[in-house]
Amino acid sequence: MPSIDALDPPDENTLRILVSTDNHLGYLERDPIRGFDSFAALEEVLYLAKKYKSDMVLLAGDLFHDNKPTRRTMHKTMEIIKRYTMGPDPVKIQILSEKNFANGDANYLQEFYSVDLPIFSIHGNHDDPTRDGNELLAALDLLSVTHLVNYFGRQDMIDKVEIAPILLKKGDTQVALYGMGSLRDERLNRMWQAKKVRFQRPSEGEWFNIFALHQNRDLGRGSKNCVHESMIPEWMDLIVWGHEHECLIQPSESVVGTFRITQPGSSVATSLTAGESVRKHVGVLDIRNNQFRLTPMPLVQVRSFIIGEVSLNGQGLDPEDPKVDDHVTSFLENEVKVLIHEAKEKRNDLLIEAKAQGNDPEEQNDQIKNILQQPEEILVRLKVEHSGFTTLNNQRFGARFVGRVANLSDILLFYRKKESNDRTGTKKKRINNAMDKPIAPEDHDEMNIEDLVAENLDNSDKKMEMLDESKLNTALEEFVSKEIRQALSDATKSMLSKHQKKLFSRQANEKDGKGEMDEESALDEGHGQEEYSGESPTDKRRLSFKNQQSSAKTKSARSKRKTVEAQEDTAVDRSSKSRSRPKRQSQNAVASYGDHDDVEFVELLDDVDEEEEENKSGQRYNTKRSKRSIKSSARSKQQRKYTYSDDEEEDNMVEMVDDEEEEAHQKKHTKRSARRAARSSLSTKRAARGDDNVENFGNSYGVDDDWGEANTNSDH
């Protein structure tokens, strides 16, 4: 146990750093008992930094428990940090390097801020940057832009990692502080193997090198899902390892043997495992030149946690007893009471040790605003091996310990023992050996998202065409690890939108290169629109639908053209019939009245002319009405934004109607000429007989001498 003298204020050549990791602010913030545990622990960390005159605070990731903390959590965090970091005392640290932070210089160098306890922090896997619109932002960016925290160690490049140090100096002591925020372990391992992780070193002087990182350690997680100690440069002096919650605060020698590793662990228990039950500490790190000393300091604003284990077999319990559940409940209740008693004894020992090191709990309660709520309610986890027995309802069992246990709904953890893997004997012997030699229970192995995706997507024979496996991997990790509910839907929409834009652009380019080809001829020749070779089934279905739509429009235009032609043919037939009828009547009249009086013949001819004029008027009216109807249809379709081929089809139909009207007009003129020729012939015959009245009658119709030849020809 370090003495109180070991934590005297540092001299002018000693740089003192308080080291802490995994504070997980906002964890279970809605829990009525444990909601303030994370804030109480953070305030004690900053209180100890002030109490022992630390020059700075170093946080190695996971300051927040959630990637997007609530407003309540952010407000509480900013209030605590502001209260402990703002002050009139000068900061004795010089920063010799440049461009260390995204928001300019360190917060204590800002002109309009008075900071006397600077905090340097990297991000962890719980509070790492995520995309918000077009920017990658982390919760630490909010604290950085308000100059409450100096956020460093962020890597924005995806193909390599370059870590530049923050060069600190106090008196004769020079420290190079390296930081690397949390990255995907598999990606980082791949870049490390490819030698794409580079550390920049100062060119001159002697420096004490500290490396703060937040990654998995090599503790049986697989060769690709962790950072091996051998990957870290040998010239490092001290590694501050975050992410691992078990407190191993005392520096240990690395596998390489050239540097030391300290693992402060979490300041609040976020899982009921054996590693979390170890006593929580922070480290007070003193550095002078190339020498360092780390003093563990226990935290008292932490809820006590104890874990135990028991087996129901061999306890005199009969599984066939009708009241076996009551007997099991009574037995487990006694075991939990024993654990509660042990936890209280450990709590008393902790308070005595902390007071001996100068961290008096009573003094804290007077000066700390956010203290631990209901510290007598502890965390208990009892592992129960229940082979041959049924389980109990956890909530009903936890109701027996209201006011004594904080985690009432998950006190008990039931499991069954595993069978022996001895393959030398028979199956019966293996079963007997398993019964005689129970296997100690193990914690559940962690299932890594990268391994699942690699097994089912990357290494599978079936590959997805529309979705990118790597982006889907990242989205799945955010959905599971960071609880970002919209991660999968946003990633899917983004990838589908990208493919749609690519297809639309390709279709536009093909249409421009193809030119203005007639739709009907293109379909008859079998061209249509070109099919995409090697495209996805979705592209082919979209192209097939567009070809069907174009074919339907062409068929519709053909049908309309045939309908108009049929209407025009019917109108022409009716017109010809109406014109032929008075012609035949006039010929019959001329034939029958050739020997009668000429006046009666002229009257009959006038009646025929009147009837013919009426028929022609009706025909002109019908033709004009048809023309107006077609033009109106063309205009309405143009307003509905029909395609160019449909508008051209309508114009052709209008031109056809105009041609028919002009042809009808010419036929009318020819008929009138024939009728005038008939009248002229009649007038000539009467003149030959010496009838003046008829001559005058003929002249009244405007018949002159030039019509004689025409009349003669008509007679023949």
Side-chain angles (χ1 to χ4, degrees), residues 1-21 44-60 84-97 100 105-110 113-121 149-150 152 165-179 202 204-212 235-240 249-251 259-262 264 281-299 353-360 363-364 367:
M1 180 185 298
S3 63
I4 300 177
D5 296 336
L7 295 177
D8 289 338
D11 57 26
E12 58 182 7
N13 294 320
T14 302
L15 177 63
R16 176 167 290 181
I17 304 175
L18 189 135
V19 180
S20 176
T21 67
E44 183 181 9
V45 170
L46 299 180
Y47 167 80
L48 294 176
K50 280 278 193 178
K51 179 180 179 63
Y52 297 121
K53 306 297 181 182
S54 299
D55 295 305
M56 57 177 283
V57 176
L58 176 61
L59 305 178
Y84 281 92
T85 59
M86 297 293 182
D89 297 334
V91 177
K92 301 177 182 179
I93 303 175
Q94 300 180 23
I95 296 182
L96 306 181
S97 56
N100 302 294
D105 296 330
N107 56 356
Y108 65 91
L109 298 177
Q110 299 294 325
Y113 285 81
S114 179
V115 177
D116 60 2
L117 180 62
I119 299 176
F120 294 79
S121 177
V149 171
N150 298 302
F152 74 108
I166 301 175
L167 301 181
L168 308 175
K169 183 178 180 180
K170 181 183 180 183
D172 297 334
T173 302
Q174 297 185 127
V175 175
L177 177 60
Y178 295 84
E204 298 178 356
E206 294 184 359
W207 299 84
F208 184 86
N209 301 293
I210 302 176
F211 182 29
W235 44 265
M236 287 291 178
D237 296 301
L238 180 64
I239 309 300
V240 180
I249 192 69
Q250 289 289 356
F259 53 82
R260 302 292 185 270
I261 300 175
T262 178
H281 291 81
V282 293
V284 180
L285 176 63
D286 291 324
I287 305 172
R288 178 183 295 174
N289 298 326
N290 292 329
Q291 303 295 322
F292 77 94
R293 177 184 61 194
L294 192 144
T295 304
M297 187 62 58
L299 298 175
E353 180 184 346
K355 187 175 183 180
Q357 293 183 247
N359 184 16
D360 190 357
E363 182 182 350
Q364 282 192 19
Q367 299 185 14

Tell me, do [X] and [Y] make a side-chain contact under 4.5 Å, heavy atoms counted?
X: L299; Y: V282; result: yes
X: D237; Y: N290; result: no
X: D105; Y: Q110; result: yes
X: P118; Y: V91; result: yes
X: D116; Y: P90; result: no
X: I239; Y: R260; result: no
X: I95; Y: I166; result: yes
X: Y113; Y: Y108; result: no

Test side-chain contact (heavy atoms from CB on, under 4.5 Å) on N359 and Y47 and set out the steps. CA-CA 10 Å; N359 184 16; Y47 167 80; 4.3 Å; yes
For residues [X] and [Y], report the shortest heavy-atom separation together with the two atoms involved.
X: N150; Y: A106; result: OD1-CA, 3.4 Å
X: S97; Y: P165; result: OG-O, 3.8 Å
X: E353; Y: P298; result: OE2-CG, 4.3 Å
X: P202; Y: W207; result: CB-NE1, 3.4 Å
X: G205; Y: Q174; result: CA-NE2, 4.4 Å
X: P296; Y: H281; result: CB-CD2, 4.0 Å

Enter the distance from [X]:[atom1] to [Y]:[atom2] here, rounded to the nearest 0.5 Å.
X: I261; Y: L238; atom1: CD1; atom2: CG; value: 9.0 Å
X: I119; Y: N107; atom1: CD1; atom2: CG; value: 8.0 Å
X: D172; Y: N13; atom1: CG; atom2: CG; value: 4.0 Å
X: S20; Y: I249; atom1: OG; atom2: CD1; value: 8.5 Å
X: L15; Y: D286; atom1: CG; atom2: CG; value: 8.5 Å
X: N289; Y: E206; atom1: CG; atom2: CD; value: 8.0 Å

With respect to D55, which candidate in K170, K169, K50 satisfies the salt bridge (charged side-chain N to carboxylate O under 4.0 Å, His left out) definition? K170
Can you say whether the rings of F292 and F208 are parallel (under 30°), tilted (30 to 60°) or perpendicular (over 60°)? tilted
Evaluation steps, salt bridge (charged side-chain N to carboxylate O under 4.0 Å, His left out), between R288 and D11: CA-CA 9 Å; R288 178 183 295 174; D11 57 26; 2.4 Å; yes
Just by distance, do the side chain of T262 and the backbone of P251 share a donor-acceptor pair under 3.5 Å? no
Quick one: does R293's side chain have a donor or acceptor within less than 3.5 Å of a partner on I287's backbone? no
side-chain contact (heavy atoms from CB on, under 4.5 Å) for L18 and L58? Distances and angles first, verdict last. CA-CA 6 Å; L18 189 135; L58 176 61; over 6 Å; no
Residues L117, V57; criterion side-chain contact (heavy atoms from CB on, under 4.5 Å); working and verdict: CA-CA 7 Å; L117 180 62; V57 176; 4.1 Å; yes
For salt bridge (charged side-chain N to carboxylate O under 4.0 Å, His left out), just list the numbers for D8 and K53, CA-CA rounded to whole Å, side-chain angles, deciding distance to a tenth of an Å, and then say yes or no. CA-CA 8 Å; D8 289 338; K53 306 297 181 182; over 6 Å; no
Run V175 and T173 through side-chain contact (heavy atoms from CB on, under 4.5 Å) and show every step you take. CA-CA 7 Å; V175 175; T173 302; 4.0 Å; yes
Examine Y178 together with W235 and report whether their ring centres are nearer than 6.0 Å. yes
So if I apply the side chain to side chain contact (heavy atoms under 4.5 Å, CB included) rule between I93 and each of I17, L109, L168, which one comes out positive? L168
Output, in order, the C-alpha distance, side-chain angles, deciding distance and verdict of salt bridge (charged side-chain N to carboxylate O under 4.0 Å, His left out) for K51 and E44. CA-CA 10 Å; K51 179 180 179 63; E44 183 181 9; over 6 Å; no
Return yes when atom CD of Q291 has more than 12 non-hydrogen atoms of other residues, nucleotides or ligands closer than 6.0 Å, and no otherwise. no
